[in-house]
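A short write-up of the structure that comes next.
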Amino acid sequence: MKILVFGSFNIDKVYSMPRLPERGETLYCRGYEVHVGGKGLNQALAFSYAGADVIAAGKVGADGRYLTDYLEKNNIDISEIDYSGEYTGHTIIETDPDGQNQMILFGGANREITREYCDALLAKHSGADLILMQYETTCVEYMLEKARSLGLKTALNPSPYVDELRSIDYSNADILILNEYEAQSVTGRESPEDCVKALRELGSRVIILTLGAKGSVYYDGGEPVYCPAFRVNAVDTTGAGDTFTGYCLYELLAGAPPYDALRFGSAASALEVAKPGAAETIPSRAEVESFLEKNR
Ligand code: RIB
């Protein structure tokens, strides 16, 4: 299975806090670490660990070589990642002892994607099985429309939520994979049932909605399929959605029934949140399979 992951590559600067700071407050952190990250990088890794051949596409600055080295070391094709004169994107992530976080995102090179870049990428890779994208780079809407017009299957993770996402053309997304907050923000609806139906009315054919501790839902216009979450002690939820996305989509594309694909994605993200970090804590396929075996 050949997957094109078009997305962001960030340096994650992670601060462990005794609690998240209030407005105007200065707080000492308990620890500081630098990790590889970005939704594109995390999803590329998760898809690859699940079993796909992944081509990563996007932009980094000269300070981002260690991100591309990390991807390459993990068997991801980095030949479509361009270098830009801008700094690499970075994220300041504050985590609290309950595993909750808040982030500041600097887009950097991720925001330098041009239509020309998208055209050149698609000219070479329109034969892939899927293009997966998130919302941290520029030109996402253009890429979606263009990819679909070339007959390439598209998956969009509209994350992080920005107001522009209320008005994009969702009919260009074959699969929409998002969390509850994003779904509520896009649709203005409250319940998961109302959200998935409203998202389908906006044009996406398949909706996959994650609900944190409440599990996940798959909806393609038939009966919604619900899957409960695994109960885990979350240490750091950064990257949980990306891990779910890569594993769940791989399983679906490989022909698994929706419930099984949701369960696979949930198991992978349950393992990911049990350790601090994002990309480096995405579990291997063997770890996910063994977790599922133990939790049958
Ligand atoms: O989804 C998690 C990712 O979001 C982090 O790695 C961070 O870089 C932000 O992009």
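Keep in mind that what you see is a predicted model, and the values were worked out from it rather than measured. In listed order, ligands and their atoms are each counted from 1. All values below were derived from every heavy atom in this structure, side-chain atoms included, with hydrogens, water molecules and symmetry-related copies excluded.
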Quiz item: Do NZ/NE/NH1/NH2 and the carboxylate oxygens of Glu180 and Lys214 come within less than 4.0 Å?
Solution: yes
Could you pull out the N/O contacts under 3.5 angstrom between ligand 1 and the surrounding protein atoms?
unit_1	atom_1	unit_2	atom_2	d
ligand 1	1 (O)	Lys39	NZ	2.8
ligand 1	1 (O)	Asp242	OD2	2.7
ligand 1	4 (O)	Lys39	NZ	3.3
ligand 1	6 (O)	Asp12	OD2	2.6
ligand 1	6 (O)	Gly38	N	3.0
ligand 1	6 (O)	Asn42	ND2	3.1
ligand 1	8 (O)	Asn10	ND2	3.1
ligand 1	8 (O)	Asp12	OD1	2.6
ligand 1	8 (O)	Gly38	N	3.0
ligand 1	8 (O)	Thr91	OG1	2.9
ligand 1	10 (O)	Asn10	ND2	3.0
ligand 1	10 (O)	Glu136	OE1	3.0
ligand 1	10 (O)	Glu136	OE2	2.6

Mind listing the side-chain donor-acceptor pairs of residues 99-111 below 3.5 Å, one per line with the distance, residues two or more places apart or on another chain?
unit_1	atom_1	unit_2	atom_2	d
Asn101	ND2	Thr238	OG1	3.0
Gln102	NE2	Glu94	OE1	2.9
Asn110	OD1	Phe9	N	3.0
Asn110	ND2	Asn10	OD1	2.8
Asn110	ND2	Gly107	O	3.1
Arg111	NH1	Glu136	O	3.3
Arg111	NH1	Thr137	O	3.4

Practice problem: Give a yes-or-no answer on whether the side chains of Tyr161 and Arg166 include a donor-acceptor pair shorter than 3.5 Å. | Solution: yes
Let me check something: any side-chain donor-acceptor pairs from residues 205-213 under 3.5 Å, sequence neighbours excluded? List them with distances.
unit_1	atom_1	unit_2	atom_2	d
Arg205	NE	Asp174	OD1	3.0
Arg205	NH2	Ser171	O	2.6
Arg205	NH2	Asp174	OD1	3.4
Thr210	OG1	Leu178	O	3.4

Self-check item: Arg285 with Glu289: basic N within carboxylate O range, under 4.0 Å
Solution: yes
Going by atom type alone, with no hydrogens or angles, which donor-acceptor pairs under 3.5 Å involve a side-chain atom of residues 69-76 and a protein atom two or more places apart or on another chain?
unit_1	atom_1	unit_2	atom_2	d
Asn74	OD1	Tyr49	OH	3.3
Asn74	ND2	Tyr70	O	2.9

